[in-house]
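Here is the structure we will look at, set down as structure tokens.
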Amino acid sequence: MHANQTSKFIDIVGVEQTFKTKKGPFCALRDIHLTVAKGEFVALIGHSGCGKSTLLNLIAGLTTPTQGHLLCDNREIAGPGPDRAVVFQNHSLLPWLTCFENVYLGVERVFGAANKTTGAASENKAQLMARTDAALALVGLTPAAQKRPGEISGGMKQRVGIARALAMEPKVLLMDEPFGALDALTRAKLQDELLEIVARTHSTVVMVTHDVDEAVLLSDKIVMMTNGPAATIGEVLSVDLPRPRNRVQLADSPQYLKYRKAVIDFLYTRQAHVEKAA
């Protein structure tokens with residue numbers, strides 16, 4: 001495992017998230033305690049409505065917890081920031097801009113002005129363009145740099161979204177079912193590419209997924225959520241499979257199958273029993 005398991009790069013302590021609704025308070029998450037080490041790949045998995053995306057939004061700083069606190073690199077998460085980049089299921093590209101311009105827009109926002117936090121000076125246009133080119137090259141999109149989103153496939157659009165996130169050199173890459181809307185073959189190809197990218201960048205990643213095989217293939221740790229409302233972490237499974245990982249070789253691995261079975265048992269046996277009892 002490539003992560004430093006002793007460090008608490010992301011530290012989530014006693015987090016609860018309650019939303020105000022017309023029918024009264026709705027508790028989405030309760031009693032969330034979770035640590036993520038630097039360089040660790042963590043998958044959040046559970047049934048629909050279990051608060052996976054809510055937890056991801058809390059780490060992103062898009063929402064504020066009702067109780068508890070979240071830290072990233074020993075700093076409280078008090079709002080969105082370039083240290084935490086988000087890749088959504090919907091690529092969220094501006095259709096009138098080229099792939100290059102969509103990535104450049106994010107790069108310019110982060111590196112085009114003097115950084116008040118680090119004291120780093122703003123970069124000139126040539127440096128910003130070089131960063132953009134490097135990010136597109138990382139996801140294999142250099143030939144499509146001048147194409148607009150309407151001229152490229154769904155998988156390529158997601159690559160642009162990943163390039164835009166990586167171009168900001170975030171401390172944490174947050175992914176909300178980034179491959180959920182893609183066909184199986186495209187999804188598999190992008191999963192393999194993500195494995196290679198994370199190996200090169202040593203990124204810390206937190207990813208929401210519904211896909212058991214995706215979680216086992218990509219992750220160092222799988223966080224299994226109980227059913228909502230008032231969802232919490234039911235179990236955390238450490239995935240001790242050597243890297244680099246090859247999906248064809250892992251298909252017959254007893255260890256891979258053991259992890260896969262553990263997640264399926266939790267989601268479709270233990271949580272189903274809880275649901276019936278309720």
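Note that the numbering runs from 1 along the sequence shown for the chain. Since we're looking at a predicted model, the values are computed, not measured. Computation of the quantities below employed the complete heavy-atom set of this structure, encompassing side-chain atoms and omitting hydrogens, waters and symmetry-equivalent molecules.
Counted by atom type alone, Asn57 and Thr63 present zero donor-acceptor pairs between their side chains at under 3.5 Å.
One hydrophobic cluster, built from ILVMFWY side chains closer than 4.5 Å, holds both Leu257 and Ile45. Both Tyr104 and Leu93 sit in one connected hydrophobic cluster of ILVMFWY residues. Membership requires side-chain heavy atoms under 4.5 Å apart, directly or through other members. Hydrophobic clustering (ILVMFWY, side-chain heavy atoms < 4.5 Å, transitive): Met156 and Phe88 are in distinct clusters. Both Ile264 and Leu250 are members of a single hydrophobic cluster when ILVMFWY side chains are connected at heavy-atom separations under 4.5 Å. The cluster map of Ile, Leu, Val, Met, Phe, Trp and Tyr, joined by side-chain heavy atoms under 4.5 Å apart, puts Met225 and Val208 in the same cluster.
The other members of the hydrophobic cluster of Leu94, by chain and number, are Trp96, Leu97, Leu105 (side-chain heavy atoms under 4.5 Å, ILVMFWY only).
Between the side chain of Arg84 and the backbone N or O of Ala60, at least one donor-acceptor pair lies under 3.5 Å. With hydrogens and angles ignored, the 3.5 Å screen pairs no side-chain donor or acceptor of Ser219 with any backbone N or O of Ile222. Although no hydrogens or angles enter the test, the distance criterion places a donor-acceptor pair under 3.5 Å between the side chain of Thr232 and the main chain of Asp31. At distances below 3.5 Å, not a single donor-acceptor pair connects side-chain atoms of Glu177 with backbone N or O atoms of Met207. In this structure a side-chain-to-backbone donor-acceptor pair under 3.5 Å is missing from Glu76 to His69. Of the possible donor and acceptor atoms, one in the side chain of Thr209 sits under 3.5 Å from a partner among the backbone N and O of Asp211. Using a distance-only test at 3.5 Å, with no hydrogens or angles considered, a donor-acceptor pair links the side chain of Lys221 to the main chain of Thr35. The backbone N or O of Leu217 sits nowhere less than 3.5 Å from a side-chain atom of Tyr259 that would complete a donor-acceptor pair. With hydrogens and angles ignored, the 3.5 Å screen pairs no side-chain donor or acceptor of Arg159 with any backbone N or O of Leu190.
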inquiry  = For Glu193 and Val139: C-alpha separation, side-chain torsions, deciding distance, then whether side-chain contact (heavy atoms from CB on, under 4.5 Å) applies.
reply    = CA-CA 8 Å; Glu193 288 177 4; Val139 298; 5.7 Å; no
ask   = Given Thr18 and Phe26, is the side-chain contact (heavy atoms from CB on, under 4.5 Å) satisfied, shown in steps?
value = CA-CA 5 Å; Thr18 300; Phe26 175 81; 5.6 Å; no
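Within the 4.5 Å cutoff, no side-chain heavy atoms of Leu29 are placed close to those of Thr66. The shortest side-chain heavy-atom distance between Gln89 and Asp176 does not fall under the 4.5 Å cut-off. Looking at Val42 and Val236, their side chains never come closer than 4.5 Å, going by heavy atoms from C-beta outward. Side-chain contact between His210 and Ser48 is present, with at least one heavy-atom pair separated by less than 4.5 Å. When side chains are defined from C-beta on, Ile233 does not count as touching His33, because their heavy atoms never get closer than 4.5 Å. No side-chain heavy atom of Val107 sits under 4.5 Å from any side-chain heavy atom of Glu123. A 4.5 Å side-chain heavy-atom check between Cys50 and Thr226 finds every atom pair outside the cut-off. Within the 4.5 Å cutoff, side-chain heavy atoms of Ile152 are placed close to those of Cys99.
Under the side-chain hydrogen bond (donor to acceptor under 3.5 Å, both in side chains) criterion, Glu235 pairs with Arg270, sequence neighbours left out.
Of the charged side-chain nitrogens involved, none lies within less than 4.0 Å of a carboxylate oxygen, so that Glu214 and Arg187 do not count as a salt-bridged pair. Between Asp213 and Arg247 there is no salt bridge, since none of the side-chain N atoms of the basic residue sits less than 4.0 Å from a carboxylate O of the acidic one. Using a 4.0 Å cut-off between a side-chain N of Lys or Arg and a carboxylate O of Asp or Glu, Glu169 and Arg131 qualify as a salt bridge.
Between the CD atom of Glu40 and the OG atom of Ser238 there is a distance of 7.5 Å, given to the nearest 0.5 Å. Taking CZ from Phe9 and CG from Leu71, the interatomic distance works out to 11.5 Å, rounded to the nearest 0.5 Å.
No option in Leu174, Leu34, Leu173 other than Leu174 meets the side-chain contact (heavy atoms from CB on, under 4.5 Å) test with Val206.
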